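Everything numeric here is computed off the predicted structure, so don't read it as measured data. By convention in this document, chain letters (A, B, ...) are assigned in the order of the sequence lines, proteins followed by strands, and residues within each chain are numbered from 1.
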There are 2 protein chains.
Amino acid sequence: MTLDPIARFRRFSRAVTSEVGALDHSFLGRGRPLGSARVLNAIGHGRGDIAAIRDYLGLDSGLMSRLLRGLEEEHLIETRPDAADARRRVVALTGKGRAEFAAYEALSNNRAEALLARHPRPEALLDAMDLVASALGRDRFTFETVDPRSDAARHGLARYYVELDRRFDGGFEVGRSADPDAMDMIAPRGSFIVVMSDGLPIGCVGLKGTDKGYAEIKRLWIAPSARGLGLARRLMDAAEAAARQLGIATLRLDTNKALTEAIALYRKTGWTEIDRFNDDPYPDFFFEKRL
Amino acid sequence: MTLDPIARFRRFSRAVTSEVGALDHSFLGRGRPLGSARVLNAIGHGRGDIAAIRDYLGLDSGLMSRLLRGLEEEHLIETRPDAADARRRVVALTGKGRAEFAAYEALSNNRAEALLARHPRPEALLDAMDLVASALGRDRFTFETVDPRSDAARHGLARYYVELDRRFDGGFEVGRSADPDAMDMIAPRGSFIVVMSDGLPIGCVGLKGTDKGYAEIKRLWIAPSARGLGLARRLMDAAEAAARQLGIATLRLDTNKALTEAIALYRKTGWTEIDRFNDDPYPDFFFEKRL
DNA sequence: CATAACACCTGACTTTAGTCAGATAATTTT
DNA sequence: AAAATTATCTGACTAAAGTCAGGTGTTATG
């Protein structure tokens, strides 16, 4: 009988292998070998640096060259030397190439759409997929400083507010709290950092500058699918590093009693509890850390 | 920004593609081309019919033949004509082949184990994987009549009891209920049917024969990862078909008020509510259906 | 019982993927 | 300014995968 964890894992593995295989096969339907199709798709997804594509697809430089020549002969791509370093070449899609790329995208998208559409609980399926993708891709998280008004940041914040509303006694309305001004979370006053996993923002934290001799940590959030991976701590480290670089010596934060994991993290990482320092209605705990 | 459902799906797809690719690559470490390794693994997993392997792996018959010859030359497999139809050949691992297969299995298992071990919530990860695997494999569910004492059946029943205990007011103890005798759920008195998805039992139902002029439907269960796919209904249909074949004309069942989806299903599929017909402490509703 | 259908095999290919040793030209280092 | 390093390309390979047209022996069918 095959019910132990490893058997379940491998059942999953078989299921996705055949799904992946089927997609590869459908890609061949456009009459181009898979290698060329993969290069075309890498270029279409914005990888313009030949070395980056080679690295991403794990190709030999000779093979890569030949695949590029093939795509060039089909008039799907154009290469030219890099302006900054003429040894390198950059590559971009032609109009014809963009059309071909769009056709490949449509194949992938249709597959995804069909599978989601026929599932009774697409949200649950997507949550499961996020969890698996974060688990498989955990070596590939990137920390990026972004504008708090960017899409990635807004996505994180929106999820964060939803979660607060769910967890706080009596819910949470962002309007009743002191919503930080975006300019306070952009250098040189502050910073806003997101963790990305292959294009999906799965966590964020804000460093909000004030004129009171300290900066505040705000909006620490990790997607449910990525919890327990130590990302919150790494985000906090990144925020502290940003603060040091901006010459900020003292950090403060406030938090609600419902956010127990966060409170435990603060206590473990050198924060000390202090008296209430604002009149925001939501927080129950107040912390300070000197850098 | 890439946050719509399709983008999330495709992020998942990329993550598992690179995982699958990495596993393929590790398979090459044993010095055998991937094609041969895949055939060897298919045989090791019990596929002894050449046509079945060819079909499963999508191989041309010529290519398949050559791969088999190669494995035969390595003394990993043995083929002989099928006793029933001498055109067909059946294939089996030799002792050396079993050792080699075990080595491949270890590669897969170690990979699975390592990934599960470093995850903070392996149970949540496995649940997510089950959900995804059921969604991807939904064309490949099989309904099998099994002995209620088999591993597959016992797995389903164990999960069923856990769920009842969670959902019933005051919990559920199997000992307090009239646990059906296994012989009553085996032909010719009754039947026990499981839904399998690629080796994993994800649902079950029992048809329990009695000496009172009717048979009872018992233990209808669907794994959380496979709900909403219409499997409960298909299981009930299968149970009814089994009853007809056994010459049973009347079916009864009892159920608890907490199992709302089941009750809705019974009402929708021709069952009529009747008076209590037993003194089991758990059920609140009683149904009958004439075939 | 002839013939069609079937399962598998063999030989003769082609295509794709991948490797490796230079060649070329640009950039960095000493 | 010479030497070393780097990024890409070309040519000459090999291995693997996949295709296709027969061929052999077996089984099903009219």
Side-chain angles (χ1 to χ4, degrees), chain A residues 17 20-22 24-43 47-74 76-92 104, chain B residues 17-18 20-22 24-43 47-74 76-92:
Chain A
T17 301
V20 165
D24 280 359
H25 202 83
S26 84
F27 265 39
L28 293 173
R30 298 198 62 75
R32 195 169 287 108
L34 206 52
S36 305
R38 297 214 304 153
V39 171
L40 183 67
N41 273 285
I43 298 167
R47 280 171 218 268
D49 188 344
I50 290 185
I53 299 170
R54 220 168 45 207
D55 195 48
Y56 172 66
L57 297 176
L59 297 176
D60 172 85
S61 83
L63 179 52
M64 180 74 202
S65 252
R66 259 177 284 272
L67 292 174
L68 288 173
R69 287 304 83 68
L71 291 170
E72 245 171 2
E73 271 162 38
E74 285 191 81
L76 298 172
I77 62 167
E78 275 168 351
T79 60
R80 54 184 176 72
D82 186 335
D85 179 346
R87 288 173 304 182
R88 312 176 89 96
R89 313 207 93 214
V90 291
V91 57
Y104 279 110
Chain B
T17 300
S18 70
V20 165
D24 281 359
H25 203 82
S26 84
F27 266 38
L28 293 173
R30 295 198 62 74
R32 195 169 285 107
L34 203 53
S36 305
R38 298 213 307 152
V39 171
L40 184 67
N41 273 285
I43 298 167
R47 280 171 218 269
D49 188 344
I50 290 185
I53 299 170
R54 218 168 45 207
D55 195 47
Y56 172 65
L57 298 176
L59 297 175
D60 172 84
S61 86
L63 180 52
M64 180 76 201
S65 254
R66 259 178 284 271
L67 292 173
L68 289 173
R69 286 306 82 70
L71 292 171
E72 244 171 2
E73 272 162 38
E74 286 191 81
L76 298 172
I77 60 167
E78 275 168 351
T79 61
R80 57 186 173 69
D82 186 333
D85 180 346
R87 287 173 304 184
R88 311 179 88 96
R89 312 206 95 215
V90 291
V91 57

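- Residues Leu28(B) and Leu34(B) come closest through the heavy atom pair CD2-N, 3.7 Å.
- For residues 49-66 of chain B, the set of pairs meeting the salt bridge (Lys or Arg N to Asp or Glu O under 4.0 Å) definition, not counting sequence neighbours, comprises Asp49(B)-Arg88(B).
- Within the 4.0 angstrom heavy-atom criterion, no nucleotide atom of any strand lies near Arg38(A).
- Residues meeting the salt bridge (Lys or Arg N to Asp or Glu O under 4.0 Å) test with Asp85(A), sequence neighbours left out: Arg87(A).
- Every pair passing side chain to side chain donor-acceptor pair (under 3.5 Å) that includes a residue from residues 26-40 of chain A is listed here, sequence neighbours excluded: Arg30(A)-Glu100(A), Arg32(A)-Glu74(A), Arg32(A)-Glu100(A), Arg32(A)-Tyr104(A).
- Between the P atom of dA25(C) and the CG atom of Asp82(A) lies a distance of 19 Å, rounded to the nearest Å.
- The 5' end of DNA chain C is approached more closely, in terms of each residue's nearest nucleotide, by Ala51(B) than by the other of Ala86(A) and Ala51(B).
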Distance-only donor-acceptor pairs under 3.5 Å for side chains of residues 77-84 of chain A, two or more places apart:
residue: Thr79(A); atom: OG1; partner: Glu72(A); partner atom: OE2; Å: 2.6
residue: Thr79(A); atom: OG1; partner: Arg89(A); partner atom: NH1; Å: 2.7
residue: Asp82(A); atom: OD1; partner: Ala84(A); partner atom: N; Å: 2.9

Item to check | Nucleotide-resolved protein contact map, nucleotides 9-18 of chain C, B/S/- at heavy-atom distance under 4.0 Å | outcome: BBBB---SSB

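- Spacing between atom CG of Asp49(B) and atom C1' of dA7(C) amounts to 10 Å, rounded to whole angstrom units.
- For the atom pair OH (Tyr56(A)) and CZ (Arg47(A)), the distance works out to 5.0 Å, reported to the nearest 0.5 Å.
- Rounding to the nearest 0.5 Å places CG of Leu68(A) at 5.0 Å from CD1 of Ile50(A).
- Computed from coordinates, the Arg87(A) CZ to dA26(C) P distance equals 11 Å when rounded to whole Å.
- Side-chain contact between Ile53(A) and Ile43(A) is present, with heavy atoms from C-beta onward closer than 4.5 Å.
- Bracketed by its first and final contacts, the part of DNA chain D lying under 4.0 Å from non-hydrogen atoms of chain B reaches from dA16(D) to dT27(D) in 5' to 3' order.
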